[in-house]
Amino acid sequence: MNKHPHPSLQNARLLEVSWEVCNQLGGIYTVIRSKVQAMVERWGDDYALAGPWTSDAMHAEFDPMPEPGDALGRAVQRFRAMGHEVAHGRWLVTGRPRVVLIKPEGVFDRLRVIKGELETHYGIPERNGDELYNQALLWGEMVRRFLKILQEEVAREAVLLVHCHEWMAATPILGCALDKLPIRTIFTTHATMLGRVLAMHDPQFYDHLADYDDSAEAARFGLSAIHGIEKQSAKAATIFTTVSEITGLECEHLLGRKPHKVTPNGLNIDRFATNHEVQVRHDNYKEKIHQFILGHFFQSYGFDLKKTLYFFTSGRYEYRNKGYDLTLEALSRLNKLMSEAGIEKTVVCFFITKRPTYSINPDVLEARGILEEIRRNTEAITEQLGERLFYAAAASDEDHRLPQLNDLVDDYWKLRYRRTIQSWKSKRWPIVVTHNLVDDQNDEVLHALRAAPLVNSPLDKVKVVYHPDFITSTSPLFGMDYGQFVRGCHLGIFPSYYEPWGYTPLECIARGVPAVTSDLSGFGKYVQAMRAGREETGVFVLRRHRRSDDQAADDLARFLFEFVKTTGRYRTILRNQLEDFSEKFDWRLLTLDYDEAYELAATGVGN
């Protein structure tokens with residue numbers, strides 16, 4: 001029996017089911033991976049996860065182990081004896097939770113039957129030509145069969161709770177309902193598929209939310225099957241939860257059921273803790289960003305790096321949903337404000353997202369390569385100069401003045417130094433995008449930059465670097481991972497229009513970096529509810545609800561302008577405050593909301 005503090009859960013077993021267990025695809029992976037340590041601390045080995053065994057790549061995160069004699073171990077053995085491919089072991093993340101990985105192919109010949117059952121019993125139409133959808137259905141059927149066996153084993157000693165995330169892991173809930181299994185199910189949607197698409201196409205999405213015909217809209221966008229799974233799973237689950245109040249409103253209108261509980265997302269803050277070395281790490285990683293800036297901008301012109309601030313925004317490429325449109329408009333206005341005020345500072349804003357590219361722009365790589373050659377030349381000259389200066393000092397008699405340093409350098413190095421710099425310098429303005437985009441003619445960010453215009457003119461106070469790929473330590477442009485890059489920046493900008501939660505600003509503050517979010521994001525609304533959405537906390541919540549894009553862009557530009565005018569000392573204080581503030585988002589605190597959802601499920605309150 002586990003030692004869970006909630007009495008009704010001490011006689012429960014919990015299986016968390018997600019397509020992103022040991023299978024990194026998107027944000028759900030971050031949610032679950034960061035949460036498991038807090039879950040294991042509460043539940044011990046009475047908590048486990050189930051995920052898909054879709055490729056051997058899962059071995060990088062999975063440590064197989066023999067099945068113990070408990071209910072889960074017995075269920076795995078029985079399921080394997082039936083001829084199904086299933087693996088049992090530990091997920092190699094903090095907390096090392098137990099994991100069951102199931103191959104979907106065991107029922108590949110029953111795909112049409114599975115689709116027919118969904119249509120007959122739940123009115124969910126077929127969706128053809130979507131391989132991921134088909135795999136999710138096959139895997140869901142395998143999980144359904146496994147749950148039937150697991151329930152038989154658990155029934156001897158406890159109640160079984162099964163927590164499924166998102167539509168890809170939701171069909172087992174529908175199967176359990178059809179099989180009339182006494183399993184208590186919890187369904188969490190982190191965003192509705194229909195809501196995400198509608199927000200991308202309707203500038204007044206939230207104003208129209210109550211008026212949508214969800215079935216008609218799902219059919220219009222070819223989402224009827226996925227929407228049907230979400231809607232029916234929300235109704236069939238014992239307990240239905242979502243990650244924020246704003247997404248709860250979306251679920252109520254588009255899925256037809258109000259969530260029983262809001263379960264906000266947190267982080268394993270221990271992973272981000274730096275023992276009050278926030279400023280030291282910021283300075284170290286900022287120096288690496290300086291090196292990128294030298295290679296990217298100084299080939300054309302220079303500016304004072306000591307008076308330069310680094311802003312960034314990042315996330316999946318959803319131009320309007322992620323607020324990229326608003327950010328670009330605000331940066332254009334900031335550029336004008338700084339020029340008119342004569343601010344002697346420079347802002348470089350990075351756009352980090354993922355787009356189809358051919359390669360890194362060869363000119364960018366060449367410029368960095370030549371800059372490295374200049375570095376090697378200066379290091380060689382410095383070494384020669386230091387040695388000869390030392391001998392000159394030791395040999396001096398009465399004249400103790402510093403000799404002409406130029407005379408101590410060989411002509412070879414003088415010529416090489418001059419020629420290398422000459423080959424590097426260019427009269428072209430620094431390019432805006434670091435990669436060759438597959439479809440640059442239709443890229444919305446590039447269009448907005450040209451229209452602003454923000455084209456890295458020498459007169460621009462605001463420069464832009466559009467990096468259409470994720471930053472990793474293997475990147476030849478930065479040579480550090482994304483988390484290090486974030487620590488080196490001064491401000492993260494995430495004024496999302498549609499954001500069920502919003503991990504990017506949360507990860508920002510956990511790293512001691514101030515962030516902008518919006519009141520249309522789950523995280524922003526949560527901060528507002530804490531009565532802590534002021535700049536002084538390091539988190540600025542931009543008002544977007546019931547305000548025009550023009551008003552919001554003006555508010556954001558003015559906030560950025562005030563931030564630019566702050567002192568280094570003030571920003572250091574903010575970084576230290578954020579380290580303390582981020583502890584409010586530790587999973588050890590936020591899993592209490594999950595506990596309440598599990599308690600409702602265990603006592604059958606949801607139904």
Side-chain angles (χ1 to χ4, degrees), residues 283-310 344-350 357-393 401-437 454-469 471-481 484-485 488-489:
D283 289 340
N284 290 341
Y285 297 129
K286 181 177 66 177
E287 182 57 37
K288 286 198 170 188
I289 299 177
H290 281 343
Q291 298 308 307
F292 169 83
I293 295 299
L294 286 171
H296 194 77
F297 285 92
F298 280 49
Q299 182 184 27
S300 304
Y301 53 79
F303 44 87
D304 190 347
L305 292 181
K306 293 181 180 178
K307 295 181 179 179
T308 299
L309 297 178
Y310 297 132
E344 292 298 321
K345 289 182 180 179
T346 301
V347 169
V348 179
C349 187
F350 296 88
T357 64
Y358 292 114
S359 63
I360 298 175
N361 188 301
D363 291 339
V364 175
L365 287 174
E366 182 182 14
R368 286 188 61 81
I370 298 175
L371 183 63
E372 285 305 307
E373 180 63 21
I374 293 173
R375 182 191 300 279
R376 288 190 290 270
N377 289 348
T378 56
E379 288 173 351
I381 291 171
T382 301
E383 184 178 354
Q384 184 181 82
L385 187 61
E387 185 176 319
R388 291 184 177 181
L389 182 60
F390 171 72
Y391 282 117
R401 289 176 299 176
L402 190 69
Q404 290 294 325
L405 300 183
N406 199 46
D407 295 337
L408 301 180
V409 179
D410 287 346
D411 288 340
Y412 168 80
W413 286 112
K414 292 177 186 177
L415 180 61
R416 185 167 174 174
Y417 175 80
R418 189 181 305 122
R419 283 181 173 174
T420 310
I421 294 178
Q422 193 174 32
S423 68
W424 183 59
K425 288 295 183 179
S426 171
K427 293 183 179 179
R428 294 177 301 175
W429 293 353
I431 63 174
V432 171
V433 60
T434 57
H435 292 57
N436 291 325
L437 293 166
L454 287 171
V455 289
N456 291 340
S457 156
L459 299 178
D460 285 336
K461 294 291 185 181
V462 176
K463 322 288 186 185
V464 174
V465 176
Y466 177 21
H467 188 275
D469 197 4
I471 292 178
T472 65
S473 57
T474 58
S475 167
L477 299 186
F478 290 94
M480 57 180 168
D481 63 33
Q484 294 169 334
F485 168 81
C489 290

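Minimum interatomic distance between Tyr301 and Ser457 (heavy atoms only, all atoms of both residues): OH-O, 3.5 Å. Closest non-hydrogen pair, Gln299 versus Ala367, comes out as OE1-CB, 3.5 Å. The minimum heavy-atom distance linking Asp460 with Asn456 is given by the pair OD2-N, 3.5 Å. Considering all non-hydrogen atoms of both residues, Gln384 and Trp413 come closest at NE2-CD1, 3.7 Å. The shortest heavy-atom contact between Tyr310 and Lys286 is CE1-CG, 3.9 Å. Taking both residues in full, the closest heavy atoms of Leu454 and Val462 are given as CD2-O, 3.9 Å, listed atom of the first, atom of the second, then distance.
For the pairing with His296, the side-chain contact (heavy atoms from CB on, under 4.5 Å) check across Val364, Leu477, Val348 returns one residue only, Val364. Phe478 pairs with exactly one of Gln484, His467, Lys288 by the side-chain contact (heavy atoms from CB on, under 4.5 Å) rule, that one being His467. Of the candidates Glu372, Arg416, Arg418, Arg419, Arg416 is the only one forming a side chain to side chain donor-acceptor pair (under 3.5 Å) with Asn377.
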inquiry  = For a ring-ring contact (aromatic ring centres under 6.0 Å, His included) check, start with the C-alpha distance between Phe298 and His290, then their side-chain angles and the critical distance, and finish with the verdict.
reply    = CA-CA 11 Å; Phe298 280 49; His290 281 343; 9.3 Å; no
task = Tell me, with the steps shown, if Thr434 and Phe292 meet side chain to side chain contact (heavy atoms under 4.5 Å, CB included).
result = CA-CA 11 Å; Thr434 57; Phe292 169 83; 4.3 Å; yes
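Here the side chains of Ile471 and Phe350 are not in contact, with every heavy-atom distance at 4.5 Å or above. Contact of the Leu402 side chain with the Leu389 side chain is registered, since non-hydrogen atoms from C-beta on lie closer than 4.5 Å. Thr346 is not listed as a side-chain neighbour of Phe297, based on a closest heavy-atom distance of 4.5 Å or more. Taking 4.5 Å as the limit, every side-chain heavy atom of Val409 sits out of range of all side-chain heavy atoms of Tyr417. Residues Lys461 and Phe303 fail the side-chain proximity criterion, which asks for heavy atoms closer than 4.5 Å. Looking at heavy atoms from C-beta onward, Leu305 lies in side-chain contact with Leu294 at the 4.5 angstrom threshold. Using a 4.5 Å heavy-atom threshold, the side chains of Tyr285 and Asp481 count as separate. Side-chain contact between Arg428 and Asp363 is present, with heavy atoms from C-beta onward closer than 4.5 Å.
Classification of Glu373 and Arg376 as a salt-bridged pair holds, one side-chain N sitting under 4.0 Å from a carboxylate O.
Summarising the geometry, atom CG belonging to Asp283 is positioned 9.5 Å from atom CD belonging to Glu287; distances are rounded to the nearest 0.5 Å. For the atom pair Arg375 CZ and Gln291 CD, the distance stands at 4.5 Å (nearest 0.5 Å). Note that CG of Asp469 is 10.5 Å distant from CG of Leu437, once rounded to the nearest 0.5 Å. A distance of 9.5 Å separates CG in Asp304 from CD in Glu344, rounded to the nearest 0.5 Å. Atom CD1 of Ile431 sits about 3.5 Å away from atom CG of Asn361, to the nearest 0.5 Å. Atom SG of Cys349 sits about 13.5 Å away from atom NZ of Lys463, to the nearest 0.5 Å.
Shown here is Gln404, whose CD atom has no more than 12 heavy atoms of other residues, nucleotides or ligands within 6.0 Å.
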